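Below is one structure, written out as structure tokens; comments come after it.
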There are 2 protein chains.
Amino acid sequence: MTEQQRRPTLIDVAKAAGVSRALVSIVMRDAPGASEATRDKVLEAARELGYRPDTRARLLRSSRTKLLGLSFSSSQPFHAEIVDAAYAEAAAKGYEVALSAVANGRPETRAIEALLDFGSEALILISPTLSNQSLTRYASHVPVVSLLRENVGDLVDSVSSDDNAGIRMAVGYLAALGHRQIVHVDGGTAISAAQRRAAFHTEMLRHGLKPVTVPGGPSEEDGLRAGQLLQLDMPSAAIAFNDRCALGLMESLRANGLHVPNDVSVLGYDDSQFARLSYVQLSSISQDAPLLAAAAVDRAVDRIEGNQPPAHVIRTPHLVKRKTTARPRQSSLPGDQSRHQPSEG
Amino acid sequence: MTEQQRRPTLIDVAKAAGVSRALVSIVMRDAPGASEATRDKVLEAARELGYRPDTRARLLRSSRTKLLGLSFSSSQPFHAEIVDAAYAEAAAKGYEVALSAVANGRPETRAIEALLDFGSEALILISPTLSNQSLTRYASHVPVVSLLRENVGDLVDSVSSDDNAGIRMAVGYLAALGHRQIVHVDGGTAISAAQRRAAFHTEMLRHGLKPVTVPGGPSEEDGLRAGQLLQLDMPSAAIAFNDRCALGLMESLRANGLHVPNDVSVLGYDDSQFARLSYVQLSSISQDAPLLAAAAVDRAVDRIEGNQPPAHVIRTPHLVKRKTTARPRQSSLPGDQSRHQPSEG
DNA sequence: CATCACGTCTAGATCGTTCTATAAACTAGC
DNA sequence: GCTAGTTTATAGAACGATCTAGACGTGATG
């Protein structure tokens, strides 16, 4: 039985300040057409009444909503980092962000429709799984920015990380350390897994090394399974599809008495919060979520405001060296299963 | 330069069907006042034009928005599980969910204002950090449900998990296994940390055991630090504030050559996705996110529709036994630092 | 036959804004 | 003192829906 008090409107403020509705609107929007004196008077009255403009009404009249729709997957911690950064960048550009999660029983189309209903002026989709055709259809109504997935057609913007460059760095770094037997635990059917797999192949060949790939996936369990497979022919270094996969892989190695990085070097991808944990200290390829998010927001705003044509932005990732990568042992014989001390705390 | 085609409105549909605006509105809302024949005719026209009602306009006129505002923290994976479940429950009740994250540089008030701007009819706040006074102020405008935090005042609803019961289970379980030296790595200033600390104290005494608490926190790093502290006087079992804390703690134990659960049993709290990982298999107290989320949504909808008074719902958590808890060694001497085999993969 | 009730439909007001005219007040120029 | 130009203010029409009140046709009732 709470007393629901009506919130003040433009009319209330106008009455209180002794001016017309329209003038209050002008002042609230910081638009030209009001003198300093009345501006102060109106702002004072608004503050007094605790007036907050009604977004719905504002939206309805002016087609501008200053709202960016962002869809993400609730099960990906990496997405959360992007959400964080997107909020900040959007706020800096004077936009608000509407969030919609892709979850169990809530397909991407549902999430997108919700964003459109809220009045989003542009859509930013993290790793969208829709077909290019579907994306293009949405893009005919509103600018669409695909984040972390490229090749989405000419009418859809994309902001992605250069997977080739990332893998090139990874292979180059490990090779420079002296590793000859480097395997790639791939991402299976995950987005950009194919890209990285191919890049690994060409890059290894370029270094005169044999490109060995074992099936993996985006989760810890996938890394764990891959670790079992590697038992048969243990390499001196491994590049995992992502950090979670790397974690599982390391756990598997540890369970088999191998020490990282003394026996095997492990390199992750994403530089997620897991990688940064003090007891993990995972070397990783950073896609720099904040940068990617900022680029996506910029792209969306540019499209909305400048009416620019769609573009495809590719950012170069960088290597973050931590404690899971090192020079290989003098000779990295597969099958060396001697037990080692636990890592120095 | 995308061709942005205008979306059809009520008028378009009315014109196409040869009826008035109002009648189309009636049909779209499934309200009484239209014959079956015209109903079909209108629906057909709407389908043909791809008409979707404009939420903003609808919102503006009717106060009903069928929207629940949900605020969560982007850095808490446990919150993501709740978001998932909330979507499902809300959809079942015919509501849509508006999401707003509390993130770096985006305080809770900001998140809430955004939700209100979207037209949320009720707010569900996960572990809100605002003062009771602030919560109550919001509650005077719109029903507010506090999730995972109780004692929020009479005007605010709350849905929480029974921390006393959870800790009681934890202590009871470990005591039943034969443990006498049980410590609690607490949650520091985190929400409900005080509650659990107190419960631990009384429960240990009830079992005739000495309640030892060491300072911890909600993250892996906190657990890690707590592990160092325990070095001085190693217990036979530990109850961590949450799963992430437990993970850090276990890592610390492992680094010091101790085996879980052979040397020390570790019990987590939350039963998060981490706990379920095959190589972690953390025993944990489950608060059952889906159930809590459903309860919160139910509460919100009840408040909106039934105009019921605020209520406080408390759900009982349950124990999930996995592989980090076991009977203690025959005599659990502190200082026994002998190295053990790695866990059987 | 007049009245009433009922189901179906519609005109017009309304929600809280923004936007487009246009009026009023003032300044400046001749 | 009249006209033109600029600044400041306002009235009224939008935006796309819902809601209220009432019109219209039909059939039943007194």
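No experiment lies behind these values; they were computed from the predicted model shown. Just so we're on the same page: letters track the sequence lines, and every chain starts at 1.
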Looking just at side-chain N and O atoms, do [X] and [Y] make a donor-acceptor pair shorter than 3.5 Å?
X: A/Ser158; Y: A/Ser160; value: no
X: B/Ser74; Y: A/Asp84; value: yes
X: A/Arg299; Y: A/Gln308; value: yes

With sugar-phosphate meaning primed atoms plus P, OP1 and OP2, does [X] contact a base, only sugar-phosphate, or nothing at under 4.0 Å between heavy atoms?
X: B/Ala34; answer: sugar-phosphate
X: B/Pro53; answer: sugar-phosphate
X: B/Thr38; answer: sugar-phosphate

Given [options], which nucleotide is nearest the side-chain atoms of [X]?
X: A/Ser35; options: D/dT8, C/dC19, D/dA17; answer: D/dT8
X: A/Ser62; options: C/dC19, D/dG16, C/dT10; answer: C/dC19
X: A/Arg58; options: C/dT18, D/dT10, C/dT10; answer: C/dT18
X: A/Ala22; options: D/dA17, C/dC19, C/dT10; answer: C/dC19
X: A/Leu60; options: D/dT10, D/dG16, C/dT18; answer: D/dG16
X: A/Ala57; options: C/dT18, D/dT10, C/dG16; answer: C/dG16

Original post:
A/Thr9 side chain to A/Ile11 main-chain N or O, any donor-acceptor pair under 3.5 Å?
Top reply: yes
Original post:
Can you check whether A/Arg106's main-chain N or O pairs, donor with acceptor, with B/Tyr87's side chain at less than 3.5 Å?
Top reply: no
Side-chain N or O of [X] versus OP1/OP2 of [N]: is the shortest distance under 4.0 Å?
X: A/Arg56; N: C/dG16; value: no
X: A/Ser25; N: C/dT18; value: yes
X: A/Thr9; N: C/dG16; value: no

Measure the distance from [atom1] on [X] to [atom2] on [N] and round it to the nearest whole Å.
X: B/Leu23; N: D/dA23; atom1: CG; atom2: P; result: 18 Å
X: A/Leu59; N: D/dC15; atom1: CG; atom2: C1'; result: 11 Å
X: B/Phe118; N: C/dG16; atom1: CZ; atom2: P; result: 20 Å
X: A/Ile26; N: C/dT18; atom1: CD1; atom2: P; result: 10 Å
X: A/Arg29; N: C/dG16; atom1: CZ; atom2: P; result: 18 Å
X: B/Lys66; N: D/dA17; atom1: NZ; atom2: C1'; result: 17 Å
X: B/Asp54; N: D/dA14; atom1: CG; atom2: P; result: 18 Å

**OP:** Record whether the side chain of A/Arg61 comes under 3.5 Å of the base of C/dT17 through a donor-acceptor pair of N or O atoms.
**Re:** no
Sequence neighbours excluded and cut-off under 3.5 Å, please list the side-chain donor-acceptor pairs for residues 22-34 of chain B, or say none.
unit_1: B/Ser25; atom_1: OG; unit_2: B/Arg29; atom_2: NE; d: 3.1
unit_1: B/Ser25; atom_1: OG; unit_2: B/Arg29; atom_2: NH2; d: 3.1
unit_1: B/Arg29; atom_1: NE; unit_2: B/Ser25; atom_2: O; d: 3.3

Original post:
More 5' along DNA chain D: A/Arg39 or A/Arg21, using each one's nearest nucleotide?
Top reply: A/Arg39
